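Worksheet: one structure, shown below.
A, B, ... follow the sequence lines: proteins, then strands. Residue 1 opens every chain. Note that the structure is predicted; figures quoted are calculated from it, not measured.
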Amino acid sequence: MVRDFPNLTIVKASAGSGKTYFLTKTFLEFLLSEKIPYNDLKNILAITFSNNAAIEIKEKIIAWLKNLYFAKEQAIEEFEKIGLKKEDLKTKAESIIEKILDSYSDFQVRTIDSFLTKIFKAESLKFGYAGDFQILMNYENFLYRAFEIFLSVFNEKSPLAEEILSLIENMEETLPLESVYPWNPSKRIFMEIRNLYRIIIKSTENIDENLFEKLKKYSEDYENSKKSLLSLAEKFYEEIKVRELKLHSRSNFLRKLEALIKGRYKEVFDLSVTKIPILSPPEDIVKLWNRFRKARADYIRYYSKIYCKPYITVLLSFEEVLKRLKLKEQKIFIDDVNRLIGEKIDYLKIPEIYIKLGERIYHYFIDEFQDTSPSQWRNLKVLIENSLSEGGSLLIVGDTKQAIYGFRGADYTIMSNLIKEANRPKDFPSVRFYKIQSLINNYRSGDRIIKFVEKFFIEELKDYLQEQSEKEEFFNRENIPLPLTLSDLWECKQIPHEKLKDIGYVKIEKIEYEDDEESIQKEAFINLIRKIKEKHNFYNRDIAVLAFKNKTLHQLSAWLNEKGIDFISFSSLDIRNRKIIGELLSLLKFLFSPIDNFSFSTFLLSEIARRNFEGFIKNQDGEIEKFLYSLRAYENNNFASEAYYVRFRDNFPTLWEKFFSSLFKKVGYLPLYDMVSEIYMNFRLFELFPEEEGALIKFLEILLMFEEKGGGLKDFIEFYETSGDEDETFWDLGKPFGKDAITLMTVHKAKGLEFPAILLWTDMDTSRLDRIIIHRGEFLRLPSEKALDEEYLSDLKRIREDIYNKTFTEDLNKLYVALTRAKEVLYIAIPCKKGTKKPCPRKNDAVRCLFNLETPEEEYRRKINDYDSIETHHYSVIPHIYSPTKALQPSMIQQAMPSLNEIRRGQFLHQIMATIEYFDYTRPEEEFFHIKRIIEKLNFELKTSFDLELILEEITNLLQNQTLQKYFIPLKDRVVFTEKEISDEKGALHRIDRLIVDGEKLTILEYKFGKNFDEKEATEQVNQYIKLLSSLYKERKIEGLIYFSPSKRIKKIRG
Amino acid sequence: MKKILISPKENMIEKIAEYIISCNSIDLDYSEATVVFPNKRPKYFLLKYLGEKISKPFFPPHIISMDEFIDETFALISPDYKNLTIIESVYLLFEIFQKYPDFAEEIENRDLLNDFESFFPFGLKIFECFEELKIEDVQSQIFKYYESLISFYAFLSKVYEEFYSTLETKKFSTRAFKYWRVSKDLNPHLLSRTKRFLLCGFHGLTKTEKEIIAKINDFFEKQYNSEAFSQWQYFDEQNLSHKPHIEIIESPDRHGQIFMLNHLLSDNILEEKTLIVLPSEDLLFPLLKNVISRFEEDKYNISMGYPIIRTPLWSLFETISNFLYSMFEYEKNKYLIPVREYLKFILHPYVKNIFFEKDSTVTRILFHSIEDYLTEQEAAGVLLEDMEEIIIEKVYSQTEELKKYSLFSLKKHIKKIHQVFIRDFFQIKDLKDFSYKCINILRYIYERSTASYHPLFFPFYSNMVNILEEISNSLLSAVQFKDLSGYFNLLKNYLRSIRTPFEGIPLRGLQVLGFLETRNLSFKNIFFLDLNEEIFPPLYEDYILPLRVREALGLPTSRDREKLIEYYFRTLINGADKVYLFYVEDGKRERSRFIEKIIWDREKNLETITVKKIHYRMSLSAQKPTDIKKEEHHLNFLKDFLFSPSSIDVYLKCPIKFYYQYILGLREKKTKEVDAAEIGSIVHEVLAKFFRRFLNRKKISKRDLDIDLIRKITEEEFTRKYGNFISGSLFLIREQIIKRVSEIIQNYYGEVISKNDLSILAIEEPFILNLTNFSITGKIDIVEKRCEKTFVIDYKTSGRKDDYKIKIEKIPEIIEWYKNEKKEEYLSNLLSGVIASLQIPIYLLAISKQKSIPLDELVGIYLLIGKAYIDEEIEFNPFKNFSTIENPLEILTGVLEILIEEIKNPNIPFYATKNFERNCLYCEFQKICGTQWVN
């Protein structure tokens, strides 16, 4: 329990140690405690990394509170420790729940992105953004669109031509030998620029102000280095030839020199320079060799420095286009948000930020801290230090061993560094020291699993890596491989929970194959699944198959599919993988472009068509197929200009009428969502494909979200094919329920989850290193390990090794995450080709180490039986619910289309007439002057531009009409109503233009100003008024008059 | 004042109706009573109840909303004042801000005051903030008080003061100004027509409202009695004796709510007592299409607004603006249009369905034929003028269906469309001019396209015309922007706040209402959708007047608003008998606090409330293609089919693909993007043209390898294919082709020439290879004589040997096995990974026979010209390790024979590949097979 303030506590929480439990409990302690300053709900903020986690934490806090209120023993026990009595806890819990529910906005558990976005919005004016803008969490497509615009007008005359062409040159120069020539370089350019853009936008490092001047200088140096490399190569070549020097057998030096002389500089990248390749070299040749090495090193160094130059130049111009597009569409990237705050954070006034946010935050809780990125941290740090200086606190919970989001910019070293400076705080001078706490209990896995994991990382992998590498950069002073120490894997010891003693089973399964890789792996995989179920007594739903790559999961799910074993693959939830959705898209493509014969044919061959056509044609498969086949001949006869659908319409009139005709017509005016709804109905999709209900509903859901952005059919087809900038789960079906199914997911997705039995498929490669980095304000492109194996390049080598160690650490972290998901049974499958010379499996050291381990075969049957069962029995799916459309069907035959201008003109004139109670015919000029003013005012207020004179003429005609004049003069006992409301017996409202009450006589005056009036309708209307009025004014004489303005005619209707 | 508090269990409107009737027992004229509600909808309910109770026609009371009351009263107080629209008010603010240029510096946003377009979004926020202050009667000095906290307040105070004084000077009014003025100047005389005043359902009043009400009360008490003014309100009953039956339903997405609602709605509750609440408009169309559409039109009402920006009408303007944005003036009065954007424009449903002689079919055929033509031509850009003349002529000549009409009339048609949608926008004078031109487009599609067939088109159309009219006749009509995007941006920003109302009258049947519409109404059955945080309650964020400042000023805060909403929510729910509350649980959205609260209230009372979850049926199994049985016509077709090397390669990959591609002849529609196949064909063409010159030459020398010619040939080829405007990625592709072909000529052929005597024997040499019972035909890229050997060459733009490898040594065993155990496994499956392509072997066999060249004089190679470097390594000879090609070719001839036998075998269906990963990934028939899961 935190007692002294300001306070900064860092909690190291290994896998299964109850991290969320700890965090929620501490959050609640803060709320409940009477000793913590500023502990009002609104002064505490918990930061998570996903919406899901934020929702979960909120739910857990509320659940704790409810347990306290209902005096649940375990909850009471936990919180009595903070010094509150049972009764007080109940009352306090109740008041906190009420408070939370009353001021829910103060209950702040938010994602880091949403918190920083909130700050950004609060200060948006200072960042140049006014009004509403959309923040894009993903922006790949947006960037690509901007790039297309950027490139679209580019040609040889463009100012950037030279840069772009040199960039392509540069690109080719660095292509690996086995790569393909960039025929269409724009895509590659885009990828490099995107990469660079991301690096810059995510980086917290400042770019050197004099970068361009430096680059200019480096370019010269680069050219010089090429020259000297070439001249030395020539010299060497000559020496070898003339002096007939002998080269080491297998040396490719001579070939490399030849290539160099031809101008292929990049050949020197993979030239080994550790030893001089000449046998018994004379001294002067050794000197020459050293000069050559130095020249090569210079060349590589400058190459690495200037590689990005053309990209940066192009990027700068591209950014202009990007900026314009962002402004035009009012969009901003989440990384912009971080960067802009970061750039200004020192100038912003923290108190002002807090005022705009609503409240000062005194206590920060950060979950999954290892996933914070440097740019996020830079921004948070300032706010947190401010709170600490006011007596607040920061609680960080995380596990560097589970840091696997480096590819998104997360950096676990932020956490490691904080731990390092715990006793001498640098980042947070307001606290004297940081308190470090470890959660060392494991509540998840059986102790045998825990022990296996410990032994693997602390002993076996350490020994193995020590054997494998001689590089000093790879080890710390104690000779421990750095990838084991950087993220603390080295200290992964945990204490198993009492109840989990003697529980657990770990087995490494080596799957060795020779040629028939697939069938052996398939068989082994299926056997393992059976083993887990039969031998170890688990259900499908208890088992999760984990792999590192999506591709592997596709393969594994195909095998399960083949064997008819139920599974849920989180890699194949994308509805676009469903056949029916693909078929729907073909139909949409056809409807969009009826000449798209391919899409039409695809749809005719679809399952949707097949099931629908049943009953309409005999032997429908054959018929449709024959029809398409016949079109082939037809096309060959050069009638290609006629679309297939025309022939289909002629050949299958019933099918056309029934299924396509109306859609074909409606596509012209129905919005996308409506269109697809019509398709669903026309083709009875819910009825005929009940098993695809989830996918079909998701498709509608996606259309709805898409239409919100205002896109049409063409845009949707593009969106479907490119995925848009939506998050990775956008197209996914919701989590399926109700089946006893195996779960298949990637290790990344499995983080934070647990399963009774895990089958880990070790398809792990060693991750690629980031090639381009920002180092001391400059961009560097790191050459390969081989290229840097040279003392002249030791500084670059060191940088590369650091990155290598960090990347490899993350690979090991992934493995740690994978190995710590199982509660009871863990199978590690390692496929490997037999008899290869290189160690097997080839790709990753850690997996290789696992492969070398032996785990005994043991009898083990499930020991824990209280797993939460997957919700198989809770609720049923929606019953079939589609009904045919009755209303809102457009009529294809248009009635006379109303003219908007006519309608508005009529309303305008009515409004003027409504203002005229009486007209003084003795002073018409004054009266008309007044009416003119009214017309002007109305024109202004209604934003119309009716011609004053014409309107006046219309009004004058009416008022000067001989028959009507008498109804506009004041009389004794006369009462005039304009726009008089009268309600019928059902409460429906009617409005009479002018009602004149003269004692016993009532006159209704109705104006018809439009050209296209319906006299019959108008007469009925007045008759209706007469009827209504006669019910109210019994015995009185009622007369109706209709004034038809265009003809100045008056129709009288007697009551 | 008579204050009447009503339990949510009672129906306030019904009570009011009874009260009104009871106050006037003499006649049926209730028009001397004024009833004021916060909103408009209760009016119709009140009228309905009055009608029901009176059962005769009657003069209704004057039932109005508060805003209407203020408007009426203000018109009497200040008849000379003219009302400003929102956009005008913001414009007025813009003019005032111009006097304070330092403001932009202060907030470090220098672009803000540059033009009205940039200012508008900010100005709108400031305007809303000012209006709130004015309606709360807050003085400008307050800004000064807080300027030490929020620095730009120093400026705001001045602008605030000036804004309202300008209104007075110019005799303009805004909503808040009217409230403020009425609160100051309301006098008894203005109320003399009313004898009874009912203020109904107000909860949370502004300061000016309070003042107004106090004055009204004062008047009625003095004039009549305390009962003449009555205030009606629901009290917030916490402990109801009779609670509604509540069901909570969790849905995995928003549609789940709709479908479940459809299931729950039975016909017998289709009446005014049944309510569907949509707190946001997002679900309106799903509800219309999937639920409401099954009812007759007189069985329901919808009363809510729909954002115009979401309608297809706006999407048309978006398309036009993108199109206009992307075109540019190439020469004076000549406009270059990017084909991609142009196609988007002509294929917009509203554009391609414009009538041509009262029918839209012709326009559709015309535009899709243009699409076809431009796609086929692959032009990146065309001149607008060419579209109207040359291109339409070409399209016309190629399209049979257009020939029924005169070319002249079609040209006129397209010119007219260009005029209205495009050319009119080349010159925009000012906002008025711009608005007119937009209205012109709207009228054009309204009168001359199928757009108006949609039942909801007219309301959206008229709303949008009104908005444009409003702009064109407003104070800012003469505003000019430096470019066209400024006009479109302003329009878009303004339209963001505009909603087209569904009015929902006459009152009848099931009520579909936005939340605010439900205030003060009572229902028996309620279906409340979208109960998720940020939708309901909605998110309130105000960074100009943040919470603390609001608290200090006594302005309502976001918390007060949430409380107000909660009050209305609770009274609505508590008034009902049966309530269904829906929310979405998808891991991203949080359920509404109001649901949490209901659950907690019940839990506290030890009552249980279950949450029902909606789950869908779904299938996750991966689809595999089914075999296709060979029919009579297939067999007939195959009997005469001339195989090509690529058709055989396709069969080897996947027989089903062979079936779709060659038997059904299906071909994917070309897209605008230049793909690898097209690049390949250009490269082939360039090389062919280059070498054709040497056909009859004995020997080619190094001097013949003229690099400049490559550029010339390639440029000609591009111009022929893509027109004169080569830009963007197409330009880069062209440059890359020139560079690469030059390298091939220089580095590869230069080397070949230096080592051998080279002559060209044939270019694109056609052949027919007759084998037992079948023939193979094709064209060989180039046949060369290099010293003694004849080289049969195929250019490949890829760089991967693996695509062409043949593992000859493995074949005999496979064939043996196949022959003996046939039927167990199909041939292509067995050969998968053994034969990647049979192209070169077929060429060799063909040339050897056709030209009678002994096989040992022949060399067959692929030139992998897509490799990183061009040197001798680009040669790939699949038989390199064989001393003679005779033997391998014999084996492969055997393979060919069995393969063709299998193809023609009626008992073997067209079956699918087994290697989905390799063969399905880029296959165009994935959608037919259902193998999209391979990705």
Side-chain angles (χ1 to χ4, degrees), chain A residues 51-52 55 101 104 122 125-126 128 130-131 151-152 155 175 180-181 183-186 356 358 561 577 579 582 595-596 598 601-602 605 628 632 668-669 671 677 691 693-694 697 700-701 710 712 734 736-737 875 877-878 881 883 885 887 890 900 940-941 943 945 983-984 986-988 1028 1031, chain B residues 47-48 51 57 60 82-83 107-109 121-122 252-253 255 259 262-263 289 293-294 297 312 315 349 353 368 450-451 453-455 470 473 506 543 546-547 587-588 590 593 597 613 615-619 622-623 664-665 668-669 679 727-729 731-733 799 866 868 927-928 930 932-933:
Chain A
N51 280 315
N52 223 346
I55 296 171
L101 296 180
Y104 202 73
L125 277 175
K126 293 198 172 165
L151 212 58
S152 64
N155 59 23
L175 281 178
V180 178
Y181 178 73
W183 294 104
N184 181 357
S186 54
K356 288 183 184 161
N561 203 31
N577 292 339
K579 189 169 190 295
I595 53 168
D596 183 352
F598 183 78
S601 310
T602 303
L605 292 167
L628 289 173
R632 190 181 192 293
Y669 55 87
S677 301
E691 72 285 0
E693 187 180 67
I697 292 177
L700 286 178
E701 187 85 0
F737 285 82
Y875 309 101
V877 287
I878 308 185
I881 23 79
S883 351
T885 302
L900 203 54
F940 183 88
E941 292 196 336
K943 303 301 161 203
S945 52
S983 179
D984 63 23
K986 286 183 180 156
L1028 292 172
S1031 140
Chain B
L47 284 170
K48 190 174 165 67
K82 294 176 197 159
N83 194 32
I107 58 162
E108 296 179 49
N109 190 338
F122 166 73
D253 53 31
H255 274 81
F259 288 118
N262 192 32
H263 172 63
K289 293 305 295 184
S293 59
R294 70 180 158 114
E297 231 174 307
S315 92
N353 283 292
H368 278 293
T450 57
Y453 290 0
H454 192 276
E470 180 193 314
N473 292 311
Y543 300 113
L547 186 94
K588 291 175 192 152
E590 204 179 341
R593 65 192 73 178
K597 226 169 183 175
K613 297 186 184 183
H615 296 146
Y616 304 134
R617 280 168 285 189
M618 57 178 77
S619 151
Q623 186 84 29
L664 289 193
E668 201 165 20
K669 195 178 170 208
I679 293 174
S727 65
S729 59
F731 166 73
L732 294 179
I733 292 171
K927 284 199 187 82
I928 308 182
Q932 300 101 302
W933 52 272

Euclidean distance, [Y] [atom2] relative to [X] [atom1], rounded to 0.5 Å:
X: B/Lys588; Y: A/Asn51; atom1: NZ; atom2: CG; result: 8.5 Å
X: B/Lys927; Y: A/Thr602; atom1: NZ; atom2: OG1; result: 7.5 Å
X: B/Gln932; Y: A/Asn577; atom1: CD; atom2: CG; result: 7.0 Å
X: A/Leu605; Y: B/Ile928; atom1: CG; atom2: CD1; result: 5.0 Å
X: B/Lys597; Y: A/Leu101; atom1: NZ; atom2: CG; result: 6.0 Å
X: B/Glu668; Y: A/Ser601; atom1: CD; atom2: OG; result: 11.5 Å

Segment of [X] engaging chain A (4.5 angstrom heavy-atom cut-off):
X: B/Phe731; value: side chain
X: B/Asn473; value: both
X: B/Pro506; value: neither
X: B/Ile107; value: both

Testing the basics here: between [X] and [Y], what is the closest heavy-atom pair and its distance to 0.1 Å?
X: B/His255; Y: A/Glu701; answer: ND1-OE1, 2.7 Å
X: B/Leu547; Y: A/Gly358; answer: CD2-O, 3.8 Å
X: A/Ile55; Y: B/Gly587; answer: CD1-O, 3.9 Å

(Q) Heavy-atom pairs under 4.5 Å with chain A: which of B/Ala451, B/Pro57, B/Pro60, B/Pro121 has the most? (A)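 Among the listed options, the one with the most contacts to chain A is B/Pro57.
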
(Q) Under a 4.5 Å cutoff for heavy-atom pairs, which residue among B/Ser727, B/Ser315, B/Gly930 has the most contacts with chain A? (A)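 Between B/Ser727, B/Ser315, B/Gly930, the count favours B/Ser727.
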
Against chain B, label [X] side chain, backbone, both or neither, depending on which of its atoms sit under 4.5 Å from a heavy atom there.
X: A/Lys356; result: both
X: A/Leu1028; result: both
X: A/Ala988; result: neither

Q) Does a salt bridge link A/Glu693 with B/Arg617, judged by any charged N lying under 4.0 Å from a carboxylate O? A)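 Salt bridge between A/Glu693 and B/Arg617, a charged N being under 4.0 Å from a carboxylate O: yes.
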
Q | Pick from A/Pro185, A/Ala122, A/Ser186, A/Gly128 with the largest number of heavy-atom pairs that fall under 4.5 Å of chain B | A |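 Among A/Pro185, A/Ala122, A/Ser186, A/Gly128, the one with the most close pairs to chain B is A/Ala122.
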
Q) Do B/Trp933 and A/Asn561 touch side chain to side chain, with heavy atoms closer than 4.5 Å? A)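 Answer no - side chains too far apart.
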
